[in-house]
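Here's the structure, in structure tokens; my notes come after.
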Amino acid sequence: MSGHATALPRESTVAELQERMASGELTARALAAAYLARIDELDPAGPALRSVIEIAPDALAVAEALDAERRERGPRGPLHGIPVLVKDNIDTADAMKTTAGSLALVDAKPERDAFVVRRLREAGAVLLGKTNLSEWANFRSTRSTSGWSARGGQCRNPYALDRNPCGSSSGSAVAVSADLCPVAVGTETDGSIVCPASSNGVVGIKPTLGLVSRAGIAPIAHSQDTAGPLARTVADAAALLQALAGPDPRDPATAGAPALDLVGALDGGDLDGLRIGVARNLAGFHDRVDAVLEDVLGSLSQLGAAVVDPADVPHATELEDHELEVLLFEFKTDLETYLTSLGGEAPRTLAELIDFNEEHRDEEMPLFGQELFVKANDKGPLTDPAYEDALATCRRLSRAEGIDAVMDEHRLDAIVAPSGGPAWITDPVNGDHYVGGNTTPAAVAGYPTVSVPAGFAFGLPVGVSFIGRVWSEQILIRAAHAFERATRHRRAPAFAPHAVP
């Protein structure tokens with residue numbers, strides 16, 4: 001697939017790779033070939049991570065053209081020649097498929113690139129391929145197994161192969177953690193970037209809704225969906241997010257987004273002057289995770305932050321039922337709008353998709369069903385009072401009476417909480433075993449979260465999240481970057497067969 005590949009130092013950052021390309025020591029083509037060789041070695045074979053669902057057949061040719069452009073005109077920016085993997089629910093109008101992991105979309109054809117893919121190409125990134133995911137971004141069944149899709153199989157956690165990678169951006173997080181690429185793009189509705197980032201020992205940023213366009217991404221719900229970066233360092237995640245962000249006429253939510261200097265936010269080395277609240281009501285679900293949190297708070301204090309403890313997020317446990325109602329309504333409407341935008345052969349309605357799954361039950365539903373699809377299909381239009389009431393309740397409880405309320409009360413710049421528990425054993429019989437996390441308030445509010453490696457429990461990574469108000473990415477990146485530089489908790493995975501207590 002990749003020919004003769006250049007050996008690369010493991011865990012190379014985007015800046016380090018750029019330095020080597022600028023000096024002439026490395027070319028974009030050699031870099032892409034090296035990552036393709038590592039994918040060959042680890043993904044379908046070896047530990048069989050199953051994180052990459054498809055390779056871009058033109059990756060080496062694109063990289064070679066970018067090398068020529070660098071020689072003639074110089075680099076376009078920090079992502080010039082950098083290989084990137086993107087989640088398989090993000091449209092690419094090229095030789096690759098976009099399926100959300102489902103066999104139903106194998107013969108579909110997006111008419112054009114998703115906005116985020118266009119931004120990557122314009123930035124000079126090399127699209128290496130598509131990553132595996134929880135099929136349909138984990139909105140098909142109430143008993144699903146994260147990281148499984150009919151098209152890609154079961155993605156595996158690189159720290160302990162019998163453990164789950166979480167989802168739905170499973171492949172993007174695993175590929176970055178296993179060093180199959182420097183950076184990757186995931187998507188989140190509630191937890192789908194933050195949880196796999198934490199479980200796989202990498203950085204994940206769920207941006208404010210509207211900072212990154214949703215156009216050309218297979219949806220769950222427009223009130224919560226966003227794309228975002230996964231990377232091994234905060235600096236790399238910030239560089240990728242800077243490239244992805246921007247106004248898009250196809251997504252009206254981006255019209256009000258400010259132009260944020262995300263890379264500039266990395267300049268601060270300490271946290272002097274920042275007030276960071278501790279959401280204790282989003283912790284307390286695992287004693288080892290609580291111990292990690294105490295170490296985090298000590299580090300934040302040493303960096304100069306004023307730690308306000310506790311600073312609980314009101315109504316955090318009251319959102320789930322209202323959120324699900326909103327997602328069920330929006331999924332049917334948004335998905336059918338997306339399906340009708342596709343060329344080629346594909347279901348055009350949720351009912352047709354349900355029928356497809358029933359007709360291909362052995363391939364599509366060998367482990368779990370499609371209860372959420374059926375519930376969503378029973379919902380009416382977005383003018384239904386039940387939807388309008390649920391959406392209004394979600395926004396009120398998560399924003400004005402939730403995150404904004406606690407931040408106003410304590411004059412906070414950010415909130416900190418554990419991103420989740422250590423990875424659970426993948427269990428196709430019973431489905432996922434979440435023990436806790438913090439993602440719902442920020443997800444429902446459409447507010448940003450940055451998850452960064454914070455320690456280990458039983459040899460499994462645990463992340464901590466910095467959560468903030470709308471458009472507060474610069475503050476959160478500053479805090480996460482300072483914490484990362486002071487603690488250096490990221491550790492490469494060893495592909496152990498199982499976790500050792």
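We count residues from 1, following the sequence as given.
- Heavy-atom minimum distance, F285 versus P418: CZ-CB, 3.9 Å.
- Classification of the H286-F458 ring pair by plane angle, with boundaries at 30° and 60°, yields perpendicular.
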Under the salt bridge (Lys or Arg N to Asp or Glu O under 4.0 Å) criterion, do E135 and R140 qualify, and how do the steps go? CA-CA 8 Å; E135 185 174 314; R140 200 191 81 185; 3.1 Å; yes
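- Between P196 and S169, some side-chain heavy-atom pair lies under the 4.5 Å cut-off.
- No donor-acceptor distance shorter than 3.5 angstrom exists from the side chain of D113 to the backbone of R118, with no hydrogens or angles considered.
- Among all heavy-atom pairs drawn from P83 and P182, the shortest one is O-CD, 3.1 Å.
- A heavy-atom distance below 4.5 Å is not found between the side chains of R232 and V203.
- Using a distance-only test at 3.5 Å, with no hydrogens or angles considered, a donor-acceptor pair links the side chain of N281 to the main chain of V313.
- Remark: the backbone N or O of V52 is not paired with any side-chain donor or acceptor of N132 at under 3.5 angstrom.
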In sequence, state the C-alpha distance, the side-chain angles, and the governing distance for T439 and C195, and then conclude on side-chain contact (heavy atoms from CB on, under 4.5 Å). CA-CA 8 Å; T439 61; C195 185; 5.5 Å; no
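- Note that the OG1 atom of T349 and the CG atom of N377 stand 7.0 Å from one another [nearest 0.5 Å].
- In this structure, H360 contributes its side chain and F356 its backbone to a donor-acceptor pair below 3.5 Å.
- Of all non-hydrogen atoms in L241 and P207, the two that sit nearest each other are CD1-CG, 3.8 Å.
- A distance of 4.5 Å separates CG in L328 from CZ in F139, rounded to the nearest 0.5 Å.
- Counting only distance, with no hydrogens or angles, the side chain of K332 and the backbone of D378 share no donor-acceptor pair below 3.5 Å.
- Looking only at side-chain heavy atoms (C-beta outward), L128 and L36 come within less than 4.5 Å of each other.
- Remark: the backbone N or O of I90 is paired with a side-chain donor or acceptor of K130 at under 3.5 angstrom.
- There is no side-chain donor-acceptor pair under 3.5 Å between D162 and H498.
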Between I354 and Q370, is a side-chain contact (heavy atoms from CB on, under 4.5 Å) present by the stated rule, with each step listed? CA-CA 8 Å; I354 291 169; Q370 54 180 343; 3.5 Å; yes
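- Atom OH of Y434 is separated from atom OG of S199 by 8.5 Å, given to the nearest 0.5 angstrom.
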Apply salt bridge (Lys or Arg N to Asp or Glu O under 4.0 Å) to residues E484 and R490 and explain how you reach the verdict. CA-CA 8 Å; E484 174 191 66; R490 162 70 190 171; over 6 Å; no
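- V14 has its side chain out of reach of L17: every pair of non-hydrogen atoms, C-beta onward, lies at least 4.5 Å apart.
- S12 places no side-chain N or O within 3.5 Å of a backbone atom of L8 that could act as its donor or acceptor partner.
- The environment of CG in D321 is sparse: at most 12 heavy-atom neighbours from other residues, nucleotides or ligands sit within 6.0 Å.
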side-chain hydrogen bond (donor to acceptor under 3.5 Å, both in side chains) between T440 and D190: does it pass, once the steps are laid out? CA-CA 6 Å; T440 296; D190 185 343; 2.9 Å; yes
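- Without hydrogens or angle criteria, T254 side chain to D248 main chain gives a donor-acceptor distance under 3.5 Å.
- Partner Q224 forms a side-chain hydrogen bond (donor to acceptor under 3.5 Å, both in side chains) with one of E323, E188, E330, K206 and no other, that one being E323.
- The side-chain heavy atoms of P219 and L335, taken from C-beta on, include a pair separated by under 4.5 Å.
- For the pair T187 and D225, the minimum side-chain heavy-atom distance is 4.5 Å or more.
- In the model, S168 has no side-chain atom that pairs as donor or acceptor with a side-chain atom of S134 under 3.5 Å.
- Around CD of E352, the count of heavy atoms belonging to other residues, nucleotides or ligands within 6.0 Å exceeds 12.
- Between F373 and F331, a ring centre-to-centre spacing shorter than 6.0 Å is recorded.
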Mind running salt bridge (Lys or Arg N to Asp or Glu O under 4.0 Å) on R10 and D179 for me, showing each step along the way? CA-CA 7 Å; R10 294 275 64 89; D179 204 5; 2.9 Å; yes
Please report, to 0.1 Å, the donor-acceptor pairs under 3.5 Å made by any side chain of residues 103-112, with sequence neighbours excluded.
{"from": "K109", "atom 1": "NZ", "to": "D94", "atom 2": "O", "distance (Å)": "2.4"}
{"from": "E111", "atom 1": "OE2", "to": "G343", "atom 2": "N", "distance (Å)": "3.4"}

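- Once rounded to the nearest 0.5 Å, the distance linking CD1 of I425 with NE2 of H433 reads 8.5 Å.
- Using a 4.5 Å cut-off on side-chain heavy atoms (C-beta onward), W424 and C166 make contact.
- The number of heavy atoms from other shown groups lying within 6.0 Å of CD (E371) is above 12.
- Considering all non-hydrogen atoms of both residues, A442 and P448 come closest at CB-O, 4.5 Å.
- Between the side chains of N438 and S465, at least one donor N or O lies within less than 3.5 Å of an accepting N or O.
- T487 places a side-chain N or O within donor-acceptor distance of the main-chain N or O of F483, the cut-off being under 3.5 Å.
- Atom-to-atom distance recorded for I220:CD1 and R214:CZ is 13.0 Å, nearest 0.5 angstrom.
- H315 and E318 share a donor-acceptor pair across their side chains, judged by distance under 3.5 Å alone.
- For the pair L240 and V185, the minimum side-chain heavy-atom distance is below 4.5 Å.
- With hydrogens and angles left out, the side-chain atoms of S419 and S451 include a donor and acceptor closer than 3.5 Å.
- A distance of 4.5 Å separates CD1 of I53 from CG of D88, quoted to the nearest 0.5 Å.
- Proximity of a side-chain donor or acceptor of E336 to a complementary backbone N or O of L350 within less than 3.5 Å is detected.
- Paired with T98 under the rule side chain to side chain contact (heavy atoms under 4.5 Å, CB included), one option of I217, D91, N89 passes, and it is D91.
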Dump the intermediate steps for side-chain contact (heavy atoms from CB on, under 4.5 Å) on L42 and I39, then the final yes or no. CA-CA 5 Å; L42 297 176; I39 291 170; over 6 Å; no
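- Closest non-hydrogen pair, A480 versus V452, comes out as O-CG2, 4.3 Å.
- A pairwise comparison of heavy atoms in V126 and A59 identifies CG1-O, 3.5 Å as the closest pair.
- For the side chain to side chain contact (heavy atoms under 4.5 Å, CB included) criterion with I205, the lone passing option out of T226, I477, I193, T449 is I477.
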Would E388 and R395 count as a salt bridge (Lys or Arg N to Asp or Glu O under 4.0 Å) if you check the C-alpha gap in whole Å, the side-chain angles of each, and the deciding distance to 0.1 Å? CA-CA 11 Å; E388 294 176 339; R395 289 180 169 167; over 6 Å; no
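- Between T340 and R348, the side chains place no donor N or O within less than 3.5 Å of an acceptor N or O (distance only, hydrogens not considered).
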